[in-house]
Amino acid sequence: MDKQKIIDSSRNFVKQYLNNQEAGHDWSHIQRVYMLTKTIAKEEHCDLFVAELGALFHDIADTKFNKNSDADAAIITSRFLESQGTPNAVIEQVCYIINHISFRKNITNQSKLTPELAVVMDADRLDAMGAIGIARAFSFGGHRNRPFYNPDIPPRTKLTRASYEQRNGSTINHFYEKLLHLTEKMNTSTGRQLAAGRHQFMQEYLEHFFNEWNGRS
Ligand code: ADP
Ligand code: NI
């Protein structure tokens, strides 16, 4: 098996597949998650090949943005990987990552964490934090036509799957409902270290935001 060849053909396949996605879930997100996965995996005990493929395919069918379900995602992924001669044991582990990575599903359903899922999940969460995370949040809010802030709508304190997908709310609330909780959810110590700087940057951003909102500085 030529691992590099499978990685390269997977990159091309996913890039083509995600060509028309909106800005938060596009190929550049996959590339960043892929790079972060490699950075974290180097420091942790896991199968790098499985983690890299998991990163590349993890958003192949995000149900918020297209009609494919998670089941379709596993089918699309395994068909492609089979066509490239990837061993079944690898395909199964990659599909496990795809089926269990979602933040929404993990609110109610604690998945069994494999080392590779732990790494890709951390990489995906890191890309929702820091400067890129801020850009993605406002891009998502704009896509949904949401106000970026409305002081009359307080952040929801208890997140259920239904309330997470509820349509009203503001992008600033999303920081308090999700983004500022990601650091404590990191699975790996490398992920936690990388999250610390991004977390602090988001806190500083919010401090500036509210100062400016209130006409100060
Ligand atoms: P995950 O990949 O963990 O399931 P999502 O698909 O829910 O994450 O989110 C993708 C991106 O959109 C992330 O950067 C996330 O912060 C952002 N996002 C999701 N929901 C909202 C929201 N209600 N307001 C602003 N940004 C959001
Ligand atoms: Ni993602």
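Indexing begins at 1, ligand by ligand and atom by atom, following the structure's order. Quick note: numbers below take in every heavy atom, side chains included, and nothing from hydrogens, waters or symmetry partners.
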(request) Answer with yes or no whether K178 contacts ligand 1, where contact means a heavy atom under 4.0 Å from a ligand atom. (result)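 It does, in that a heavy atom of K178 comes within the 4.0 Å cut-off of ligand 1.
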(message) Looking at ligand 1, is there an atom of it that comes within less than 4.0 Å of some heavy atom belonging to R146?
(response)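 Yes; R146 lies near enough to ligand 1 that a heavy-atom distance drops under 4.0 Å.
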(message) Pair H100, H58 - check ring-ring contact (aromatic ring centres under 6.0 Å, His included), show working.
(response) CA-CA 9 Å; H100 293 88; H58 85 275; over 10 Å; no
(request) Find, among atoms of H58 that are N, O or S, the one nearest to the Ni ion (ligand 2), and state its name. (result)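 This turns out to be NE2.
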(message) Restricting to N, O or S atoms, which atom of D124 is closest to the Ni ion (ligand 2)?
(response)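 Sorting the N, O and S atoms of D124 by distance to the Ni ion (ligand 2) puts OD1 first.
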(message) Is the contact between D127 and ligand 1 made by the side chain, the backbone, both, or neither, using heavy atoms and a 4.0 Å cut-off?
(response)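 Contact part for D127 vs ligand 1: neither.
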Nitrogen or oxygen of [X] less than 3.5 angstrom from that of ligand 1:
| X | value |
| --- | --- |
| S170 | no |
| R136 | yes |
| T171 | no |

(message) Within ligand 1, which atoms have a heavy atom of L179 less than 4.0 Å away?
(response)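 It comes down to these atoms of ligand 1: 16 (O).
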(request) Determine, step by step, whether K3 and M1 satisfy the side-chain contact (heavy atoms from CB on, under 4.5 Å) criterion, reporting the C-alpha distance in whole Å, the side-chain angles of both residues, the deciding distance to 0.1 Å, and the verdict. (result) CA-CA 6 Å; K3 291 184 178 176; M1 172 183 47; 3.8 Å; yes
(message) A side-chain contact here means heavy atoms from C-beta on lying under 4.5 Å apart; do K112 and Y96 qualify?
(response)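 With C-beta onward as the side chain, the pair touches.
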(message) Could you tell me if the side chain of F49 sits less than 4.5 Å from the side chain of I7, heavy atoms only?
(response)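 When only atoms from C-beta onward are counted, F49 and I7 do touch, with a gap below 4.5 Å.
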(message) Test of understanding: with side chain to side chain donor-acceptor pair (under 3.5 Å), list the residues that count as partners of Q84, not counting sequence neighbours.
(response)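 Partners of Q84 by the side chain to side chain donor-acceptor pair (under 3.5 Å) criterion, ordered by chain and then number, come out as S9.
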Please output the side-chain donor-acceptor pairs of residues 199-207 that fall under 3.5 Å, not counting sequence neighbours, one pair per line with the distance.
from	atom 1	to	atom 2	distance (Å)
H199	ND1	T183	OG1	2.9
Q200	NE2	E204	OE2	3.1

(request) Please work out which of the three classes, parallel, tilted or perpendicular, describes the rings of W213 and F148, given edges at 30° and 60°. (result)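 Correct class here is perpendicular.
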(request) Just to the nearest 10 degrees, tell me the angle at the Ni ion (ligand 2) spanned by H29 NE2 and D59 OD2. (result)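 So the angle at the metal works out to 90°.
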